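Nothing fancy with the numbering, it's 1 onward along the sequence. Because the structure is predicted, anything quoted here is derived from the model rather than measured.
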Amino acid sequence: MPQRHSKNNNDLAFFTYDEKRKLGYGTQKERLGRDSIKPFDACGLCLKPLIDPLCCQKGHVFCKECILECMLAQKKDIQRKLAAHAAQQKQEEEEEEEKLMLQKARELDAFDQQNHGAVPQYNDRNYTRDKNGFHGANSVKVTSYEEEALRNMKAFWLPSATPEAPVKVEAPSTDTVCPEGKEKLRLKTLFPIHFTEESGEEKNYNPLDRSFICPSCKVTLTNTLTLVALNTCGHIFCKKCADRFMAVDKVCLVCNRGCKEKNLVCLEKGGTGFSGHGDRLEATDFKHLGSGSGLGLVRPAAKT
C-alpha cells in the first residue's frame, strides 16, 4: 500500500504545515484593495473630496473648514485641561496650608498643656493613638480634622467602600497637533494647495468625477504616484517632474515663482485609522492555534 502524502495525512498526533494553513494558523497577510485606501484628493478628517484644501508641512491634506474646527476643538480641550490643572494646584496648596495650620495649632496646644499642667510631652504617634487621645490620667481631644478623617474612613474589604486614589492632572501641552501626523501644528504653517483639473469637453460634468493632472507632464494624478506640493504657491506636481525641473531650476513651472528644495513637500498617501497609509498596504493578522482558541480540536477535512 503506498504511503499517504503529508497533505492528506490527518491521523497523526500533531498538525502538519498544510493542516495548520487550513485552520488559519500563523500570520495571515492580505494586500489592501482600492476601497481601503483614502484617495489623494480626499480630506483626512471628513474623507470627502477636498474643499479649499490646506496642507501642513508634513504633507497631510485637509479641508479648510475641517482643520479649523479640529484646531478650535483642541484649543477648547487645552483650556479645559489647564483649568482642571489650576484647580488641582489650588486644592493642593489649600491642603498644604491646612496641614501647616493644624500642625501649628497642635504645637501650641502641646506647649500650653506642658506649661499649665503636669502633662508629659508626647509625640504625634502617641497623640493620635486612639480616637479620644487618652494618655494615662490626662486626655487630649482630637482635632476636627482627625474626627472627620475617622468618620469618613473606608474599609478596603468592601467593594463599595474601597478608597480611590486621587487622579492627578498633569500639566497639558498648549500646542495643537496634526490629527494625522501628531506633530505640532499651527495655523500659520498651513498653506493652501491648488490641483490642476483636466479640461473636459463633456456637457454633463460631474464634480465628483473630476480628475487632476500634473501641469508639467499632463499625467493623470492617482494614488500610485508620489505627489509634491510647493508651500510657496501651492501647486501640485508629480515627484518625477519636481525632482527633474523644480529642484534644478528653483522655479515653479506654473507661476514662475521662486522656490528652493526645502519648499517641496511630499503629500502623504492614504491616512486615517480606517485606511492604508503610505506604503504600508498589507494587512496582517496572527492567529494562535492552541487549546484556548478552540481550533486545536478541529480536524481538517480530508482531500478527496
Side-chain angles (χ1 to χ4, degrees), residues 37-75 78 173-200 207-272 275-280:
I37 304 174
K38 182 179 72 66
F40 69 94
D41 59 340
C43 174
L45 292 173
C46 65
L47 304 181
K48 295 180 180 179
L50 291 167
I51 301 176
D52 296 333
L54 294 178
C55 181
C56 69
Q57 299 298 328
K58 295 295 183 180
H60 303 109
V61 186
F62 310 95
C63 296
K64 184 176 182 179
E65 183 179 359
C66 296
I67 191 61
L68 291 181
E69 288 182 355
C70 179
M71 295 181 68
L72 182 60
Q74 290 186 34
K75 288 181 180 293
I78 290 172
S173 175
T174 57
D175 297 322
T176 54
V177 297
C178 178
E180 284 195 12
K182 304 302 180 184
E183 69 272 359
K184 294 182 180 180
L185 182 65
R186 293 184 179 180
L187 187 60
K188 63 180 181 180
T189 60
L190 296 172
F191 62 93
I193 58 176
H194 309 286
F195 290 96
T196 304
E197 291 192 38
E198 186 176 4
S199 59
L208 297 178
D209 297 335
R210 60 183 179 177
S211 58
F212 304 103
I213 61 174
C214 174
S216 175
C217 60
K218 307 301 181 182
V219 174
T220 303
L221 303 182
T222 60
N223 274 6
T224 58
L225 297 176
T226 301
L227 307 181
V228 176
L230 290 176
N231 58 9
T232 55
C233 57
H235 291 107
I236 305 294
F237 300 88
C238 64
K239 185 173 177 57
K240 185 181 296 185
C241 294
D243 295 339
R244 183 177 299 178
F245 301 109
M246 286 177 291
V248 178
D249 299 336
K250 311 295 183 182
V251 66
C252 177
L253 300 179
V254 177
C255 60
N256 293 327
R257 189 170 183 177
C259 65
K260 298 181 181 179
E261 190 173 356
K262 64 179 182 180
N263 300 126
L264 302 178
V265 179
C266 291
L267 301 185
E268 290 288 340
K269 298 179 182 179
T272 78
S275 62
H277 184 78
D279 297 330
R280 300 186 294 272

Assess the residue pair Leu54 and Ile193 against the criterion (side-chain contact (heavy atoms from CB on, under 4.5 Å)); give the C-alpha distance rounded to whole Å, side-chain angles, the decisive distance to 0.1 Å, and a yes or no.
CA-CA 6 Å; Leu54 294 178; Ile193 58 176; over 6 Å; no
Step-by-step side-chain contact (heavy atoms from CB on, under 4.5 Å) determination, Leu225 to Val219
CA-CA 10 Å; Leu225 297 176; Val219 174; 4.0 Å; yes
Determine, step by step, whether Val228 and Ile236 satisfy the side-chain contact (heavy atoms from CB on, under 4.5 Å) criterion, reporting the C-alpha distance in whole Å, the side-chain angles of both residues, the deciding distance to 0.1 Å, and the verdict.
CA-CA 6 Å; Val228 176; Ile236 305 294; over 6 Å; no
Checking side-chain contact (heavy atoms from CB on, under 4.5 Å) for the pair Leu230/Leu264: CA distance, chi angles, key distance, verdict?
CA-CA 5 Å; Leu230 290 176; Leu264 302 178; 3.0 Å; yes
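Lys218 places none of its side-chain heavy atoms less than 4.5 Å from the side chain of Thr196. By the 4.5 Å heavy-atom criterion applied to side chains, Arg244 and Val248 are not counted as neighbours. You'll find the side chain of Cys238 stays beyond 4.5 Å of the side chain of Ser216, heavy atoms only.
Listed for the Lys38 side chain is a donor-acceptor partner under 3.5 Å among the backbone atoms of Ala42. Between the side chain of Glu183 and the backbone N or O of Cys178, no donor-acceptor pair lies under 3.5 Å. Formation of a donor-acceptor pair under 3.5 Å by the Arg257 side chain with backbone atoms of Val251 is not found in this model.
Ring-plane geometry between Phe195 and Phe212 is classed as tilted, the angle between the planes lying from 30 to 60 degrees on a 0 to 90 degree scale.
With values rounded to the nearest 0.5 angstrom, Glu268 atom CD is found 9.0 Å from Cys55 atom SG. Note that CD of Glu69 and CG of Leu45 are 9.5 Å apart. Values are rounded to the nearest 0.5 Å. Taking CE of Met246 as the reference point, atom NE2 of His235 lies at 10.5 Å (rounded to 0.5 Å). Atom CD of Glu180 sits about 9.0 Å away from atom CD1 of Ile67, to the nearest 0.5 Å. For the atom pair SG of Cys66 and CE of Met71, the computed distance is 13.5 Å after rounding to the nearest 0.5 Å. Distance CZ/Phe62 to SG/Cys56: 5.5 Å, rounded to 0.5 Å.
Here the shortest heavy-atom pairing between Leu227 and Phe40 reads CD1-CD1, 3.5 Å. Taking both residues in full, the closest heavy atoms of Pro49 and Cys63 are given as O-SG, 4.0 Å, listed atom of the first, atom of the second, then distance. Across all non-hydrogen atoms, the minimal contact from Cys259 to Cys252 is SG-N, 4.2 Å. The two residues Val61 and Leu267 come nearest to each other via the heavy atoms CG2-CD2, 4.0 Å. When all heavy atoms of Thr220 and Ser211 are compared, the pair lying nearest together is CG2-CB, 4.3 Å. Nearest heavy-atom pair, Lys239 versus Cys266, reported as atom, atom and distance to 0.1 Å: NZ-SG, 4.0 Å.
Not counting sequence neighbours, Phe191 has no partner by the ring-ring contact (aromatic ring centres under 6.0 Å, His included) test. Applying the salt bridge (Lys or Arg N to Asp or Glu O under 4.0 Å) criterion to Lys260, with sequence neighbours excluded, gives no partner residue. Annotation: side-chain hydrogen bond (donor to acceptor under 3.5 Å, both in side chains) contacts of Asp52 (sequence neighbours excluded): none.
Remark: Glu65 CD is loosely packed, at most 12 non-hydrogen atoms of other residues, nucleotides or ligands lying under 6.0 Å away. Ile51 CD1: 12 or fewer foreign heavy atoms inside a 6.0 Å radius. Residue Lys250 places its NZ atom among more than 12 non-hydrogen atoms of other residues, nucleotides or ligands, all under 6.0 Å distant.
Results of the side-chain hydrogen bond (donor to acceptor under 3.5 Å, both in side chains) test with Lys184 over Asp175, Thr176, Thr189 single out Asp175 as the only residue that passes.
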